[in-house]
Amino acid sequence: MDNFIFNAYTKIYFGKGMIKNLPEAIEVHGKNVLLVYGGGSIKRNGIYDEVKTLLSECKIIELSGVDPNPRIETVREGVRLCKEHQIDVILAAGGGSVIDCAKVIGAGYYYDGDAWDLVVEPNKITEVLPIVTILTLAATGSEMNKNAVISNMTINEKLGTGSMNMIPQASILDPEYLYTLPAIQTAAGTADIMSHIFENYFKKEEDTFIQNKLAEGLLETCIKYCPIALKEPENYEARANLMWASTLALNGLVGAGKPGSWTCHPIEHELSAFYDITHGIGLAIVTPRWMRHILNEQTVGKFVAYAKNVWHLPEMTDPFAYANAAIDATEEFFKNCGIPMTFSEIGINEEHFEVMAEKAVRIGGLGEAYVPLTKEDVISILNMCL
């Protein structure tokens with residue numbers, strides 16, 4: 001196990017009605033609040049009115065319309081508002097896109113240059129305005145981590161950035177806020193959660209028993225509860241378990257002591273940069289193809305453990321047959337959740353494969369992945385997705 005530092009300082013308010021703690025979470029930082037949200041769902045589900053009531057003593061400036069793949073233009077506008085109104089704290093009410101946008105806005109407040117610099121060069125991030133979140137989608141884990149992903153569609157780039165200073169100070173997680181999600185968002189969000197776990201589970205480090213068991217348990221949680229949530233949208237048990245799995249999947253626990261770069265996320269980021277697709281859908285399509293591409297004598301043992309401990313498939317004498325059965329189960333699970341499983345279904349062809357593969361390798365550091373990938377490897381995986 002590699003050395004690591006783990007510091008999870010986000011205060012989590014989890015459960016029904018925990019938004020009542022919002023004044024406590026906000027006012028310790030000040031009274032001037034930037035409220036960041038997306039397309040208006042928080043107005044339809046009552047969160048907006050509750051925020052306004054609970055924070056009646058605060059001055060609230062609003063930034064709405066954050067896109068599912070948040071744009072740098074929105075970040076720039078948020079930075080402008082923060083500086084103009086001397087904002088003390090940012091309240092992000094939404095899913096990972098809203099929270100990611102808020103994080104980079106908070107960093108941009110203390111930066112004199114263009115906010116895109118902070119995405120390209122995370123080392124330029126210094127101070128960050130305090131971030132508080134109200135989570136409305138179980139997917140990215142952004143409510144308890146240092147990461148953010150921002151898109152610059154003018155140059156077809158979608159990049160991740162991060163800083164320990166961007167970790168939210170507090171996050172409100174009420175599973176009832178997930179009840180009204182469209183089914184495809186529940187499914188795609190679960191695929192995103194599972195991909196975060198896969199990226200850390202399939203790593204070279206071998207003596208990480210506890211991290212692997214955490215990962216396997218979280219994957220089992222997603223496999224058990226996503227179908228229930230799709231069938232019974234207001235099943236509190238299912239929503240609560242998916243919401244907490246999302247947070248735990250990417251707050252640092254599963255990946256602690258496991259160095260190396262990710263694989264499917266850098267590939268999918270290029271898909272979203274060119275086609276603006278839902279992140280979780282892209283990950284669901286790419287992941288089983290990546291698994292098949294990297295299955296070899298060195299990796300088959302890990303896939304056998306995945307088949308046995310996550311899917312609980314009957315053991316087979318041929319380890320490769322056993323591994324492929326687990327990969328088939330993964331693909332079938334995503335398909336049964338209603339996720340399109342080919343590029344052709346979502347309007348993507350091979351037109352940009354070469355440039356996407358080149359950028360994925362160059363920007364994503366795929367040479368340091370579980371199985372190092374070249375540009376040609378990525379093109380092969382993308383072709384498998386057609």
Side-chain angles (χ1 to χ4, degrees), residues 1-8 10 12 14 138-147 173 175 189-229 237-265 280 283-284 287-288 290-291 294-296 298-316 319-320 322-334 369-371:
M1 190 185 304
D2 202 22
N3 294 352
F4 65 88
I5 296 173
F6 179 73
N7 181 9
T10 305
I12 299 291
F14 190 99
T140 71
S142 195
E143 64 276 6
M144 198 180 179
N145 67 40
K146 65 183 180 65
N147 309 310
L173 279 60
T190 301
D192 197 4
I193 298 168
M194 293 176 72
S195 183
H196 295 155
I197 303 166
F198 288 143
E199 298 278 26
N200 286 309
Y201 184 67
F202 291 98
K203 287 253 181 101
K204 295 175 183 177
E205 201 72 33
E206 294 182 356
D207 58 342
T208 51
F209 182 86
I210 189 167
Q211 291 92 325
N212 291 341
K213 286 301 177 184
L214 286 168
E216 289 166 355
L218 290 170
L219 288 169
E220 288 183 277
T221 298
C222 294
I223 292 165
K224 175 178 179 177
Y225 284 110
C226 183
I228 296 173
E237 178 184 344
R239 293 300 192 179
N241 278 277
L242 287 174
M243 183 172 254
W244 192 225
S246 169
T247 304
L248 293 178
L250 201 55
N251 71 347
L253 276 175
V254 176
K258 303 184 77 172
S261 64
W262 287 14
T263 307
C264 291
H265 273 71
L283 290 169
T287 296
W290 164 73
M291 289 178 166
I294 68 164
L295 181 59
N296 56 38
Q298 287 70 48
T299 63
V300 67
K302 189 70 173 185
F303 281 101
V304 165
Y306 173 57
K308 181 178 181 180
N309 299 333
V310 175
W311 289 105
H312 305 286
L313 300 175
E315 293 193 41
M316 302 179 185
F320 282 91
Y322 201 24
N324 275 302
I327 298 171
D328 290 343
T330 307
E331 185 169 4
E332 192 65 19
F333 173 77
F334 290 143
Y370 178 53
V371 174

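Keep in mind that the numbers below use all heavy atoms, side chains included, and drop hydrogens, waters and symmetry copies.
Side-chain polar atoms of Asp192 and His196 form a donor-acceptor pair below 3.5 angstrom. A donor-acceptor contact closer than 3.5 angstrom links the side chains of Glu143 and Thr247.
For Phe209, the CZ atom counts as loosely surrounded, since its 6.0 Å shell holds 12 or fewer non-hydrogen atoms of other residues, nucleotides or ligands. Counting non-hydrogen atoms of other residues, nucleotides and ligands closer than 6.0 Å to CG of Asn3 gives a total of 12 or fewer.
For the atom pair Ser246 OG and Asn241 CG, the distance stands at 12.5 Å (nearest 0.5 Å). Distance check: Phe333 CZ to Met194 CE gives 5.0 Å after rounding to the nearest 0.5 Å. To the nearest 0.5 Å, the span separating CD on Glu205 from CG on Asp2 amounts to 5.5 Å. Within the model, atoms OH of Tyr201 and CG of Leu214 stand 12.0 Å from one another, a figure rounded to the nearest 0.5 Å.
Here the closest heavy-atom approach between residue Thr287 and residue Leu283 is recorded as OG1-O, 2.7 Å. Nearest approach of Ala323 to Val300, heavy atoms of both residues: CB-CG2, 4.2 Å. In plain terms, the two heavy atoms of Cys264 and Ser195 that are nearest each other are CB-OG, 4.4 Å. Here the closest non-hydrogen pair linking Leu242 and Cys222 is CD2-CA, 4.0 Å.
The main-chain N or O of Asn296 is found under 3.5 Å from a side-chain atom of Thr299 such that the two form a donor-acceptor pair. Using a distance-only test at 3.5 Å, with no hydrogens or angles considered, a donor-acceptor pair links the side chain of Glu199 to the main chain of His265. Side chain of Thr208 to backbone of Met1: no donor-acceptor contact under 3.5 angstrom is found. Proximity of a side-chain donor or acceptor of Asn145 to a complementary backbone N or O of Leu250 within less than 3.5 Å is detected. The backbone N or O of Gly217 lies less than 3.5 Å from a partner atom in the side chain of Thr221, making a donor-acceptor pair.
In this structure Lys204 satisfies the salt bridge (charged side-chain N to carboxylate O under 4.0 Å, His left out) test with no other residue, sequence neighbours excluded. By the side-chain contact (heavy atoms from CB on, under 4.5 Å) test, Ala326 pairs with Tyr306, Ala307, Trp311, Leu313, sequence neighbours left out.
Within the 4.5 Å cutoff, side-chain heavy atoms of Leu253 are placed close to those of Phe6. Phe14 has its side chain within reach of Pro175: a pair of non-hydrogen atoms, C-beta onward, lies under 4.5 Å apart. Contact of the Ile223 side chain with the Val310 side chain is registered, since non-hydrogen atoms from C-beta on lie closer than 4.5 Å. For the pair Glu315 and Val304, the minimum side-chain heavy-atom distance is 4.5 Å or more. Between Glu220 and His312 there is a side-chain heavy-atom pair separated by less than 4.5 Å. By the 4.5 Å heavy-atom criterion applied to side chains, Pro259 and Phe4 are not counted as neighbours. For the pair Phe198/Leu219, a side-chain contact is recorded, criterion being any heavy-atom separation below 4.5 Å from C-beta on.
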Go through the steps for Asn212 and Lys258 under the test side-chain hydrogen bond (donor to acceptor under 3.5 Å, both in side chains), then give the verdict. CA-CA 10 Å; Asn212 291 341; Lys258 303 184 77 172; 2.8 Å; yes
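Between Phe303 and Phe202, a ring centre-to-centre spacing shorter than 6.0 Å is recorded.
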